[in-house]
Structures are given as C-alpha cells and as structure tokens.
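When reading the values below, keep in mind they use all heavy atoms of this one structure, side chains included, and skip hydrogens, waters and symmetry mates. Positions are given from 1 along the sequence.
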Amino acid sequence: MKLAVVSLNSVWEDKQSNLKEVERIVASLSLKVDYVIFPEMSLTGFSISNLALAEDLESSSSLIAIQKTAKEHRMNIVFGLMISKNKKIYNSCIAVNNKGEIAGTYEKIHLFSYAGEDELIVGGNQIRSLPWNGGWGLSICFDLRFPELYQELSKENLILANIANWPKGRVSHWRALLNARAIENQSFMIGVNRTGLDGNGLEYEESSCVFSPTGEKLEPLEICEEIKIFDLNLDEAIEYRKKFPIKKDRQNTIYKEFYK
C-alpha cells in the first residue's frame, strides 16, 4: 500500500496559497500513491488565536476544494483544519476519500495548554477510525504524548497517523514517541510534521516519518522535496501480532483502578 507524507511549509494564515500547494502536490502524486497526508492545520499553520480562520464543517470552502481535488485525482487525503460545529471551534483532522466524500473527522482530544490552545478551542471527546485499507486511527500533534489513545485505536487499526506542528526544539521527543507508539501497539505509526518558520517565530525541522510495527524506521521509496513515499506491507503487522500477541496480556481491569 503506497502513501505519501508531505512536510508542508504552510504559509502563515494564507489558505489560498496553501490550497494551491496542496492541489499541486496531490496532482503530482496521481497514479503514484493511493493516500497522501498533510500536517496539522495544513492551510494556516498553528494559528489558534485567530478564530476567524475556523470554517463551518457544513459549508467549508477549503474542504469543498480538497474534496474536488481528491475526486479529480482519485486520491485519499488526510489534512488538518480548524473547524466550527454547533458554534464550537475544534482543531480537526479530516479524511476525504478518493470519491471526494468525507471519510471521517477527528477533533483533537489533548489540547496543548502550554500554548493556550485549551483556552481558545474545544477539545474533542471521541476517537476516530477510518475504514481504509488496514484500518486507520487518527490523532493530532500533542495527542502523541498520551499512549492510552493509541491502545484503543490499535484494537481495530493497523495504521496509526498523527498530523502535527511539532517544533524543532522538541523534535527528538517527536521521533521517540512515534517509535514508542509503533512498538507498543504493533502498528504502523505515521507522523507528518510541517517545516519552515511559522507566524509565532517557531522553527520546524523536516521530520515526517513512518515506523513499522516492530519499531523500525522505514526508508522511503522516493523523496522529492517535501514529499516522501512509502510502501506499507500490512501483512507485517498482522503476522507480528499473531507471533507476539502483546495485547492479550493487558490487565485492563487493574488499569481502571489507576484512574479512580
């Protein structure tokens, strides 16, 4: 199964410029891959204080444009967007299938209070899985530090994806946590991070990558500027889980006592 991760250098709060770049990249990948994944808040950067950037999910012009692109190029697309639903604003990960239909939306559960995200945006309260090949579990940036989320997602999914705006200063944590989530959950762990400099002066290093269910960092088949293409063998996850069935030894009844 071939997919592309895109370390987009999002232009700060410039949806039109970023949309054009997303469309260009998707077009360039047509017939090469079946899936393409972009970073958190793909079209604006991590601009959480400008709530005017949020778009209503039911009438989002950005979402409509990406749906059109997905259908035109028969591509499954995952991207990030600040959306509003029922007068509440969320940091969302949106999946659009190759027919241009919304396959699922995930609202970030663990908001980044260190940056004040929790004061401006509402946190989600539901996990999200996609019925795509292998099963996909969605997450966003800071979620990566909370392993319980991935234990639940990996029950149904062989692929776990995290889209992020993870600064260069903590990029070693990013790589270590992606590796750990892959090993703990015996799943392919995909991390897609932005690059460049954002409007807050934060620098981002190219660090998008994929770890295998055994914790090995996969080498891309192809690298072109900000794009990396990977080929995942889902049988690897299936067979490894059969050979080394970690989950059967989990003690969920005992764990529940920890949270009382």
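- Of all heavy-atom pairs spanning Ala95 and Trp132, the tightest one is CB-CH2, 3.8 Å.
- Considering only heavy atoms from C-beta on, Leu144 comes within 4.5 Å of Met189 through its side chain.
- Heavy atoms from other residues, nucleotides or ligands lying under 6.0 Å from CG of Asn86 number 12 at most.
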Chi angles and distances behind the side-chain contact (heavy atoms from CB on, under 4.5 Å) call for Val210, Leu232: CA-CA 9 Å; Val210 180; Leu232 307 189; 4.0 Å; yes
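- The side-chain heavy atoms of Glu205 and Ser7, taken from C-beta on, include no pair separated by under 4.5 Å.
- Judged by distance alone, the side chains of Ser208 and Arg194 never bring a donor and an acceptor atom under 3.5 Å apart.
- Under a 3.5 Å cut-off, the side chain of Gln251 and the backbone N or O of Asp249 do form a donor-acceptor pair.
- Of the N and O atoms on the side chains of Glu117 and Asn91, at least one donor lies less than 3.5 Å from an acceptor on the other residue.
- The backbone N or O of Ala182 lies less than 3.5 Å from no partner atom in the side chain of Asn185, so there is not a single donor-acceptor pair.
- Cluster membership check: Ile163 does not share its hydrophobic cluster with Val26, using side-chain heavy-atom separations under 4.5 Å among Ile, Leu, Val, Met, Phe, Trp and Tyr.
- In this structure, a donor-acceptor pair under 3.5 Å is absent between the side chains of Ser113 and Asp118.
- Put simply, the side chain of Asn98 never gets that close to the backbone of Asn76: no donor and acceptor are under 3.5 Å apart.
- Side chains of Trp136 and Tyr35 form a contact here, defined as non-hydrogen atoms less than 4.5 Å apart.
- Here Glu21 contributes atom CD and Arg24 contributes atom CZ; the two are 4.0 Å apart, rounded to the nearest 0.5 Å.
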Stepwise side-chain contact (heavy atoms from CB on, under 4.5 Å) check, His110 with Phe142: CA-CA 6 Å; His110 302 96; Phe142 195 48; 4.1 Å; yes
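- Ring-centre distance between Tyr150 and Phe146: not below the 6.0 Å cut-off.
- Here the closest heavy-atom approach between residue Leu120 and residue Ile48 is recorded as CD1-O, 3.5 Å.
- Minimum heavy-atom separation, Ile89 to Leu51: CD1-CB, 3.8 Å.
- Of all heavy-atom pairs spanning Ser47 and Met82, the tightest one is O-CE, 3.7 Å.
- Taking the six-membered ring for Trp and thresholds of 30 and 60 degrees, Tyr255 and Phe258 have ring planes inclined between 30 and 60 degrees apart.
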Ser84/Leu57 under side-chain contact (heavy atoms from CB on, under 4.5 Å): CA gap, chis, key distance, verdict: CA-CA 6 Å; Ser84 61; Leu57 183 65; over 6 Å; no
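- Side-chain atoms of Gln186 and Lys247 include no donor-acceptor pair closer than 3.5 Å.
- Side-chain contact annotation: Ser62 with Ser60, donor-acceptor N/O pair under 3.5 Å absent.
- Contact check on Glu107 versus Arg128 returns no salt bridge, with no Lys/Arg side-chain nitrogen under 4.0 Å from an Asp/Glu carboxylate oxygen.
- Scanning all heavy atoms of the two residues, the minimum distance from Gly137 to Leu153 falls at CA-CD2, 3.9 Å.
- Hydrophobic clustering keeps Ile25 apart from Leu3 (ILVMFWY residues linked when any side-chain heavy atoms are closer than 4.5 Å, directly or through intermediates).
- Under 3.5 Å, the side chains of Asn9 and Glu226 contain no donor-acceptor pair of N or O atoms.
- Taking the side chain as every heavy atom from C-beta outward, Val96 and Met75 never approach each other to under 4.5 Å.
- Separating the CG atom in Asn200 from the CG atom in Leu197 is a distance of 9.5 Å, to the nearest 0.5 Å.
- Side-chain atoms of Ser42 do not come within 3.5 Å of backbone N or O of Phe79 as any donor-acceptor pair.
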Salt bridge (Lys or Arg N to Asp or Glu O under 4.0 Å) between Lys20 and Glu23, worked out: CA-CA 5 Å; Lys20 286 181 181 179; Glu23 290 166 356; over 6 Å; no
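- Residues Ile159 and Leu218 fall within the same hydrophobic cluster, defined by Ile, Leu, Val, Met, Phe, Trp and Tyr side chains chained together at heavy-atom separations under 4.5 Å.
- By the neighbour-count criterion of 12 heavy atoms within 6.0 Å, atom CD of Glu148 is densely surrounded, having more than that number from other residues, nucleotides or ligands.
- Other residues, nucleotides and ligands contribute more than 12 heavy atoms inside 6.0 Å of the CD atom of Glu101.
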Verdict with supporting geometry, Lys228 and Glu206, salt bridge (Lys or Arg N to Asp or Glu O under 4.0 Å): CA-CA 11 Å; Lys228 293 177 181 175; Glu206 196 291 305; 3.2 Å; yes
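- The main-chain N or O of Leu160 is never found under 3.5 Å from a side-chain atom of Asn157 such that the two would form a donor-acceptor pair.
- Between the side chains of Asn162 and Ser139, at least one donor N or O lies within less than 3.5 Å of an accepting N or O.
- For the atom pair Glu239 CD and Glu236 CD, the distance stands at 10.5 Å (nearest 0.5 Å).
- Both Ile102 and Ile66 are part of a single hydrophobic cluster, where members link through side-chain heavy atoms under 4.5 Å apart.
- With 3.5 Å as the limit, one finds a donor-acceptor pair spanning the side chains of Asn193 and Ser207.
- Expressed to the nearest 0.5 Å, how far OG of Ser92 lies from CG of Leu81 amounts to 7.0 Å.
- Distance alone, capped at 3.5 Å, is enough to place a donor-acceptor pair between the Asn165 side chain and the Phe46 backbone.
- Around CZ of Arg74, the count of heavy atoms belonging to other residues, nucleotides or ligands within 6.0 Å does not exceed 12.
- For the pair Asp231 (side chain) and Met1 (backbone), a donor-acceptor distance under 3.5 Å is present.
- Formation of a donor-acceptor pair under 3.5 Å by the Ser30 side chain with backbone atoms of Ala27 is not found in this model.
- Put simply, Val6 and Phe211 are part of two different groups of oily side chains (I, L, V, M, F, W, Y) that touch within less than 4.5 Å, one to the next.
- Remark: the backbone N or O of Leu53 is paired with a side-chain donor or acceptor of Lys15 at under 3.5 angstrom.
- The two residues Pro245 and Lys248 come nearest to each other via the heavy atoms O-CG, 3.2 Å.
- With contacts defined as side-chain heavy-atom distances shorter than 4.5 Å, the pair Ile254/Glu257 does not qualify.
- Atoms CH2 and SG, from Trp174 and Cys141 in turn, are 7.0 Å apart once rounded to the nearest 0.5 Å.
- A donor-acceptor pair is defined here as one N or O able to donate and one able to accept, closer than 3.5 Å; such a pair exists between the side chain of Glu55 and the backbone of Ser61.
- Geometrically, Lys85 engages Tyr90 in a cation-pi contact, judged by NZ or CZ lying under 6.0 Å from the ring centre and within 45° of the ring axis.
- Ile183 is not listed as a side-chain neighbour of Thr214, based on a closest heavy-atom distance of 4.5 Å or more.
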Derivation and outcome, side-chain hydrogen bond (donor to acceptor under 3.5 Å, both in side chains), residues Arg181 and Ser187: CA-CA 8 Å; Arg181 298 295 89 84; Ser187 302; over 6 Å; no
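- Between atom OG of residue Ser59 and atom CD1 of residue Ile64 there is a gap of 7.0 Å, rounded to the nearest 0.5 Å.
- Within the 4.5 Å cutoff, no side-chain heavy atoms of Ile94 are placed close to those of Tyr106.
- Ile227 places none of its side-chain heavy atoms less than 4.5 Å from the side chain of Val5.
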